[in-house]
**Q** 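Okay, handing you the structure first.
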Protein chains: 2
Amino acid sequence: MPRSNPNPRLEDVARAAGVSLATASRALSEPGMVRADTRGRVEQAAAMLGYVPHGAARALATSRTRTIGAVFPPVDNPIFAGATHALAQELAAAGYTMLLASYDYDLDDELAAVRALVGRGADGMVVVGLDHRPETLAVLERAGVPWEITWSLDESGRHHCIGFSHRGASIRVAQHLLDLGHREIAVIAGDTKRNDRARERLAGVKDALAARGVKLPPKRVIEVDFSVANGRAGFAKLLERAPGFTAVIGGNDPLAIGALFECRDRGIDVPGQMSIAGFDDIELAGELAPGLTTVRVPSAEIGREAGRRLLARLAGKAVPRIKEMPAPLVVRGTTGPPPKKGRLK
Amino acid sequence: MPRSNPNPRLEDVARAAGVSLATASRALSEPGMVRADTRGRVEQAAAMLGYVPHGAARALATSRTRTIGAVFPPVDNPIFAGATHALAQELAAAGYTMLLASYDYDLDDELAAVRALVGRGADGMVVVGLDHRPETLAVLERAGVPWEITWSLDESGRHHCIGFSHRGASIRVAQHLLDLGHREIAVIAGDTKRNDRARERLAGVKDALAARGVKLPPKRVIEVDFSVANGRAGFAKLLERAPGFTAVIGGNDPLAIGALFECRDRGIDVPGQMSIAGFDDIELAGELAPGLTTVRVPSAEIGREAGRRLLARLAGKAVPRIKEMPAPLVVRGTTGPPPKKGRLK
DNA sequence: TTGTAGGCGTTATCAT
DNA sequence: ATGATAACGCCTACAA
């Protein structure tokens, strides 16, 4: 029975070039080890036949796939999208390919995805944040591939990570508002059960207020999924259940922007009557008028740098276990002093 | 020499379960072909050892990687991000994994990415739009894998595709403005050299205006890369170089939103003095006040459906070569009749 | 229902 | 510098 698969194999190339299989292999992957004219013949034969190396076969022989797995929360969140793009570019430039899985904050789904990508032979992995099933880390460790935690910093120092302190950044936001004179503050947080970034951001606000003896009553905190619509709704609910605050902090920019829109629709002046701050610094934050005060999160840089670190480790280089990225407060127009007298409504 | 790689192989599982390699293999991949108790022993042994099938070996033996390659323009564009997420989810549910490459509208980069993913053994491929190097299509065809064009419709009927007519949708936008009474219209288009979607959208406006005998002078058209900032800048430039228009059409929503913001900053009333329409219907479009009139592009559905079609074709089912998705005009508050008399400025 | 054995396309270790 | 050949881990006729 003739080969049903028409794709040429290395053996075909070797025959066409009149050399052995081994020589053909070397000519293509270790050019230095073969005489120039032999190499030329092989290359020509390969080009003629349209030879493309068979990835799986190569992977089986080398136990290397030149593939990096990334398991991200919804990539349709703009910040993850930016990181994904940057990571993909960085890897492509080095001849690596990205295996991407995107999960909706369900840690069991994340585990399944990690398993799948490791099974596909990813040479390295990147995950997001600190919240994982214990089994997820076990799979990663057992696989023996280098892996990176992104966005968050692993305080235990056990794992390689690149990110920043969400709590610290959040403290800067809250302090900024406190410094402006706000004492009645509300928070529209992300879902703190499902991800450590949202949890740490909320904790940061609490820390900062507590440090100055300012209270954050539970009624002034609401948790929702990230979206502009939920920012609007969350703000409306806060206003209804615990009015009297002069500033609101959003768990991310879309939430803050939702609050901003809601204010606009209700005729609440920002920042005259209400100050608003976000987190992430998506493009829109700077284009609004007034611009949104927020924390600049270097998402593309995190993606790119995660790729670089992984590639370096694969090349046998040592990289510092923990890489902290800057996440500065960006003060724009949505924050200002609280209204002089009287409270909202 | 003992095996240096500690990962258990199927052989180890078989030994632990006291069955042959073949039985172990069948127990895990074709459960129906093995007696229940045998299968149980194998599954238990696999779980105990933490066995994970070796993707490359499996791929080599079956010439199937259970992997789908996607080559997308910048996934940090929100609409591609949504499609990426949906596609990844759809594939994961079927036990497939996504190989993702993201390029910056450079068709040579796209070709390289397609080559890479095909070389990695992708069982199917998805690309975006109609603009490709001829070689790209050749690689795809020669690979013999099913592939789908997304976003655009291939009029030649030669290739499988899922999308909609950008020209048609754009015509609806322009007609809407004409129906409102606008005759002086400007366009902030995307880069028409680099992608057919931007080109077709612009062509649609031209078609619609021409059909009613309305001119679109070159000065009223500007081309920029997609971003809110460029929408602002583009609008400002149009105002400066060809004032007097009463409506502007953005090549996508971020561009239109940029124009909207610029109007707001300049005190130009929307839609009183200026009507604005976009394309894509990103979340923000509906949250703005007034809401942005735009075309709803079902990006997540396109991603999901592309995955479904590919999986169906891999399963040997026939699917219609061309799948048209709806892309309805969504009329919101940013469009209205042109000002009664006098022109802007 | 289960086991035996050959093959998938490369790389890498030996000789030569 | 080049050639022969044994892995690499799994699947799948074919045989029992």
Side-chain angles (χ1 to χ4, degrees), chain A residues 1-42 45-46 49-67 118-121 123 143-144, chain B residues 1-42 45-46 49-67 118-121 123 143-144:
Chain A
M1 190 173 78
R3 280 172 53 69
S4 57
N5 186 337
N7 290 36
R9 300 175 297 165
L10 189 54
E11 188 185 327
D12 303 321
V13 176
R15 192 178 311 125
V19 300
S20 77
L21 190 65
T23 303
S25 173
R26 282 189 287 255
L28 295 179
S29 29
E30 302 196 72
M33 287 184 60
V34 111
R35 242 181 28 218
D37 60 327
T38 324
R39 189 193 329 147
R41 292 215 310 286
V42 173
L49 295 170
Y51 169 74
V52 178
H54 191 291
R58 178 175 278 184
L60 187 56
T62 59
S63 59
R64 278 266 196 142
T65 57
R66 293 186 82 77
T67 261
V118 164
R120 295 269 184 281
D123 291 339
Chain B
M1 190 172 81
R3 282 171 55 69
S4 57
N5 187 338
N7 289 39
R9 299 174 298 163
L10 188 54
E11 188 185 327
D12 302 321
V13 175
R15 191 178 312 126
V19 300
S20 79
L21 193 65
T23 302
S25 171
R26 281 189 286 255
L28 297 178
S29 29
E30 302 196 71
M33 286 184 61
V34 112
R35 243 179 27 217
D37 62 326
T38 324
R39 188 191 333 143
R41 291 215 313 284
V42 173
L49 296 170
Y51 170 73
V52 179
H54 191 291
R58 178 176 278 185
L60 188 56
T62 60
S63 60
R64 279 267 194 138
T65 57
R66 295 185 82 77
T67 261
V118 164
R120 295 269 184 279
D123 291 339

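Every chain is numbered from 1 and lettered A, B, ... according to where its sequence line falls, protein lines coming before strand lines.
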**Q** Return the set of residues passing side-chain hydrogen bond (donor to acceptor under 3.5 Å, both in side chains) with B:Thr38 (not counting sequence neighbours), or none when no residue passes.
**A** none
**Q** Apply side-chain hydrogen bond (donor to acceptor under 3.5 Å, both in side chains) to B:Thr67 and list each qualifying residue two or more places apart in sequence or on a separate chain.
**A** none
**Q** A:Arg120 CZ to D:dC10 C1': how many Å, rounded?
**A** 14 Å
**Q** Taking only residues two or more places apart in sequence, or in another chain, which ones meet A:Arg58 in a side-chain hydrogen bond (donor to acceptor under 3.5 Å, both in side chains)?
**A** none
**Q** Angle between the end axes of the helix from C:dT1-D:dA16 to C:dT16-D:dA1, five pairs per end, to the nearest 10 degrees?
**A** 30°
**Q** Any sub-3.5 Å donor-acceptor pair from B:Arg41's side-chain atoms to B:Ala17's backbone N or O?
**A** yes
**Q** So, does B:Arg35 get its side chain near the phosphate of C:dT1, meaning an N or O under 4.0 Å from OP1 or OP2?
**A** no
**Q** Which residues pass the side-chain hydrogen bond (donor to acceptor under 3.5 Å, both in side chains) test with B:Ser20, sequence neighbours left out?
**A** B:Thr23
**Q** How does each nucleotide of nucleotides 11-16 of chain C score, in 5' to 3' order, for protein heavy atoms under 4.0 Å: base (B), sugar-phosphate only (S), or none (-)?
**A** BBB---
**Q** Roughly, in whole Å, what's the span from CG in A:Leu28 to P in D:dT2?
**A** 13 Å
**Q** Find the distance B:Leu60:CG to D:dG9:P and express it as a whole number of Å.
**A** 12 Å
**Q** Show me the donor-acceptor pairs within less than 3.5 Å that the side chains of residues 24-32 of chain A make with the rest of the protein, sequence neighbours left out.
**A**
{"from": "A:Ser29", "atom 1": "OG", "to": "A:Ser25", "atom 2": "O", "distance (Å)": "2.7"}

**Q** Using whole Å, report how far CE of A:Met33 lies from C1' of D:dG3.
**A** 12 Å
**Q** Run the salt bridge (Lys or Arg N to Asp or Glu O under 4.0 Å) test against B:Arg15 and tell me which residues pass, sequence neighbours left out.
**A** B:Glu11, B:Asp12
**Q** Output yes when at least one side-chain N/O atom of A:Ser20 is less than 4.0 Å from OP1 or OP2 of D:dG3, else no.
**A** yes
**Q** Sequence neighbours left out, what passes side chain to side chain contact (heavy atoms under 4.5 Å, CB included) with B:Ala143? Give chain and number order.
**A** B:Val118, B:Val145
**Q** Measure CD/A:Glu11 against C1'/C:dG9 and give the value in whole Å, please.
**A** 9 Å
